[in-house]
Amino acid sequence: MADRKKKNKKSPRPQARLPRGFVDRSAADIRAADAMMAVIKRVYESYGFDPVETPLFEYTDALGKFLPDTDRPNAGVFSLQDDDDQWMSLRYDLTAPLARHAAEQGQELVTPYRTYRSGYVFRNEKPGPGRFRQFMQFDADIAGAPGVTADAEICMMLADTMEALGIKRREYIVRVNNRKVLDGVMEAIGLTGEENAEKRLQVLRSIDKLDKFGVEGVRELLGPDGRTDESGDHTDGVGVDEEQAEKVLVLLQVKSMADEILEQHPLVKGGDQKTLQALDGPKAVRNAVFDTLHQQIKDSKIGVDGLFELKSIWSMVEACGYGGDQIQIDPSCVRGLEYYTGPVFEVELTFDVVNEKGQTVQFGSVAGGGRYDGLVSRFTGQPMPATGASIGVSRLMTALKNLGKLEDNTVDAPVVVCVMDRDVDALAGYMQLTKSLRDAGIRAEMYQGNPNKFAKQLAYADKIGAPVAIIQGSDEREAGMVQVKDLAEGKRLAENITDNTEWRAARVAQQEVKVEDMVATVKAILDSEKQAQG
């Protein structure tokens with residue numbers, strides 16, 4: 001008896017729930033993302049980039065250990081062991097897989113190799129408001145391009161992309177820096193050599209938190225005691241001394257120091273608007289940034305080399321007509337990933353939004369990237385310089401929504417062909433009606449639910465916003481006719497009818513036409529509705 005009860009015991013039903021840090025996407029979101037990415041794709045292709053696609057999984061050793069969240073299991077990635085005992089991981093970005101792809105192609109790869117790709121990436125990190133474990137990126141990279149002309153092109157392409165999406169100048173800025181300049185600062189504070197590699201990376205990641213925590217927050221992260229946030233979460237400090245920290249913090253404040261220098265300029269003090277325009281404020285600030293920065297790194301060869309590259313980038317973008325209100329040299333731009341070796345860039349949106357705490361803040365970063373000359377050579381031992389950038393698709397969509405620039409890509413709801421009879425011949429006839437609409441370029445579907453109650457079919461059509469319903473009972477079929485019901489017009493006319501008997505008698509916005517005239521009748525209704533909507 002006990003065995004019988006055990007056999008009859010049902011397994012508990014699984015609970016329908018999303019894993020933390022993941023989201024479902026609606027049709028509207030998918031269409032809006034597709035439309036936005038089509039614009040990005042047009043800009044990328046205008047620069048000569050071609051698409052490529054890499055798989056979601058890579059061998060774990062091929063991805064490397066470059067994620068900022070190094071204290072989490074699996075270095076911040078989702079991993080599994082294959083049946084041949086090799087570890088594979090879901091990609092955490094689109095750059096590391098591209099490096100593997102380029103290395104694997106070897107001599108067959110035509111360089112410089114310009115490529116773009118989009119897709120989901122995955123992070124095994126603690127999820128939170130606006131922070132997901134799966135999100136989409138849209139990347140563009142140039143492999144086999146050693147000169148900073150390639151970096152300059154990426155910066156210009158990012159600016160062009162923002163403007164193609166309707167984001168105006170002064171609503172965005174492409175910030176540019178150079179890891180070599182940052183390495184010069186590391187030399188200045190004595191953090192050289194392989195033994196200090198991890199500490200240098202911690203310093204860079206602390207600097208990268210400037211927008212989030214401000215100068216004082218970065219000071220805490222650099223020091224020995226670390227930083228504790230409002231929730232009580234503690235981040236250990238890097239452990240540099242006060243003198244070292246001050247040299248790093250000067251780097252973060254070079255831009256504001258340059259602004260102060262400009263304010264003290266004799267033409268600025270008390271100058272009228274015409275004088276200020278003649279001075280070219282952004283150019284003056286930029287020159288002051290270069291001068292101030294040079295003073296901080298003048299004793300470091302790699303730092304000075306990095307500064308020269310920044311000046312070269314600026315000369316190129318300026319020659320192409322880009323101004324300081326589009327692309328800006330900013331020494332506080334760091335980027336958190338370890339594999340960057342030269343110029344780095346970040347696209348920030350500068351308009352205000354209200355965050356989850358009700359505070360008014362700048363929207364912040366939507367794209368970033370930089371030069372990664374060592375990533376491909378990890379596989380080959382041969383140099384393969386490369387540079388590129390990645391756009392965060394979800395964040396950029398949110399930004400466009402805030403600006404009212406997100407394209408409305410709703411498609412017309414389908415015409416619904418109702419099912420009145422269920423014999424094989426009748427069902428085949430309804431399918432033929434549906435196909436004739438589709439063949440004419442009209443979205444259409446044959447009702448696939450329970451056809452017992454006709455009212456439920458019309459209710460379904462109403463819920464999905466169908467503009468027209470096609471009705472054909474046995475009498476109409478024998479006569480070669482169909483009923484075409486204009487649901488949108490019916491709604492409008494129904495507002496003036498209150499009696500159910502009157503409604504049935506009126507057959508509101510419904511007309512009987514020959515089967516061969518059905519398509520033309522439906523097209524006329526759809527065209528009329530579009531005109532009414534303007």
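- Heavy atoms of other residues, nucleotides or ligands lying less than 6.0 angstrom from OH of Y47 number more than 12.
- The shortest side-chain heavy-atom distance between F363 and T350 does not fall under the 4.5 Å cut-off.
- Side-chain contact check for L249 versus R219: some heavy-atom pair is nearer than 4.5 Å.
- The closest side-chain donor-acceptor pair between Q382 and S377, if any, does not fall under 3.5 angstrom.
- No side-chain heavy atom of F308 sits under 4.5 Å from any side-chain heavy atom of I313.
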Q: Check the pair E171, L403 against side chain to side chain contact (heavy atoms under 4.5 Å, CB included), reporting the backbone distance first and the verdict last.
A: CA-CA 10 Å; E171 290 179 337; L403 288 171; 3.9 Å; yes
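- The number of heavy-atom neighbours closer than 6.0 Å to CD of E195, taken from other residues, nucleotides and ligands shown, is above 12.
- Checked by atom type and distance alone, the side chain of D373 never pairs as donor or acceptor with a backbone atom of P385 at under 3.5 Å.
- Residues R117 and P51 are not in side-chain contact: their nearest non-hydrogen atoms beyond the backbone lie 4.5 Å or more apart.
- Looking only at side-chain heavy atoms (C-beta outward), R42 and V39 come within less than 4.5 Å of each other.
- In this structure, the side chain of S390 does not engage the main chain of D139 through any donor-acceptor pair within 3.5 Å.
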**Q.** Trace of the salt bridge (Lys or Arg N to Asp or Glu O under 4.0 Å) decision for K168 with E163
**A.** CA-CA 6 Å; K168 300 174 183 175; E163 296 191 19; over 6 Å; no
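- Ring-plane geometry between Y44 and F138 is classed as perpendicular, the angle between the planes exceeding 60 degrees on a 0 to 90 degree scale with a lower cut at 30.
- Residues R100 and T54 have side chains that never bring a donor and an acceptor to within less than 3.5 angstrom of each other.
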Q: Before giving the answer on side chain to side chain contact (heavy atoms under 4.5 Å, CB included), spell out for I391 and M36 the whole-Å C-alpha distance, their side-chain angles and the decisive distance to 0.1 Å.
A: CA-CA 11 Å; I391 291 175; M36 184 184 78; 5.6 Å; no
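- The shortest heavy-atom contact between F78 and F122 is CD1-CB, 4.0 Å.
- Between Y340 and Y372, the gap from one ring centroid to the other reaches at least 6.0 Å.
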(Q) Apply side chain to side chain contact (heavy atoms under 4.5 Å, CB included) to residues Y172 and Q326 and explain how you reach the verdict. (A) CA-CA 7 Å; Y172 78 90; Q326 296 167 284; 3.3 Å; yes
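- By the 6.0 Å and 45° rule, R123 does not stack over the aromatic ring of Y92.
- Using a 4.5 Å heavy-atom cutoff, the side chains of E220 and S206 are not in contact.
- Ion pairing of E153 with R114 is present here, as a side-chain N (NZ or NE/NH1/NH2) and a carboxylate O approach within less than 4.0 Å.
- In terms of heavy atoms, M186 sits closest to V203 at CE-CG1, 3.5 Å.
- The distance from the CD1 atom of I207 to the CG atom of L222 is 6.5 Å, given to the nearest 0.5 Å.
- When atom types are taken as modelled, the side chain of N402 and the backbone of T398 share a donor-acceptor pair closer than 3.5 angstrom.
- No side-chain donor-acceptor contact under 3.5 Å links N196 to the backbone of L191.
- One finds a salt bridge joining D439 and K435 here, because a Lys/Arg side-chain nitrogen approaches an Asp/Glu carboxylate oxygen to under 4.0 Å.
- Remark: R133 does not engage E125 in a salt bridge, criterion side-chain N to carboxylate O under 4.0 Å.
- For the pair Y116/E45, a side-chain contact is recorded, criterion being any heavy-atom separation below 4.5 Å from C-beta on.
- A distance of 10.0 Å separates CZ of R200 from CD of E198, quoted to the nearest 0.5 Å.
- Summarising the geometry of V52 relative to H101, their closest heavy-atom pair is CG2-NE2, 3.8 Å, with the distance given to 0.1 Å.
- Remark: the backbone N or O of P343 is not paired with any side-chain donor or acceptor of R179 at under 3.5 angstrom.
- With E246 contributing its side chain and E243 its backbone, the two residues share no donor-acceptor pair below 3.5 Å.
- Contact record, G388 with D141: CA-OD2, 3.4 Å, taken as the closest heavy-atom pair.
- The main-chain N or O of D325 is never found under 3.5 Å from a side-chain atom of R170 such that the two would form a donor-acceptor pair.
- The structure places CD1 of I329 at 8.0 Å from CG of N177, a figure rounded to the nearest 0.5 Å.
- Closest of all the heavy-atom pairs between L165 and L396 is CD1-CD2, 3.5 Å.
- The shortest heavy-atom contact between K247 and A188 is NZ-O, 3.4 Å.
- A 6.0 Å sphere centred on CD of E53 holds no more than 12 heavy atoms belonging to other residues, nucleotides or ligands.
- In this structure, the separation between OG on S46 and CG on D160 is 7.0 Å, given to the nearest 0.5 Å.
- Under a 3.5 Å cut-off, the side chain of D93 and the backbone N or O of T95 do form a donor-acceptor pair.
- Checked by atom type and distance alone, the side chain of T228 never pairs as donor or acceptor with a backbone atom of H234 at under 3.5 Å.
- Between R371 and D151 there is a salt bridge, since at least one side-chain N of the basic residue sits less than 4.0 Å from a carboxylate O of the acidic one.
- Looking only at distances, no side-chain donor or acceptor of E348 sits under 3.5 Å from a matching main-chain atom of S365.
- Atom CD in Q328 sits 15.5 Å away from atom CZ in F345 (nearest 0.5 Å).
- By the 4.0 Å N-to-carboxylate-O rule, E58 lies too far from R91 to be salt-bridged with it.
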Q) Taking it one step at a time, do L221 and D236 satisfy side chain to side chain contact (heavy atoms under 4.5 Å, CB included)? A) CA-CA 7 Å; L221 290 172; D236 292 337; over 6 Å; no
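- Rounded to the nearest 0.5 angstrom, D61 CG and S89 OG are separated by 9.0 Å.
- Contact of the L182 side chain with the V334 side chain is registered, since non-hydrogen atoms from C-beta on lie closer than 4.5 Å.
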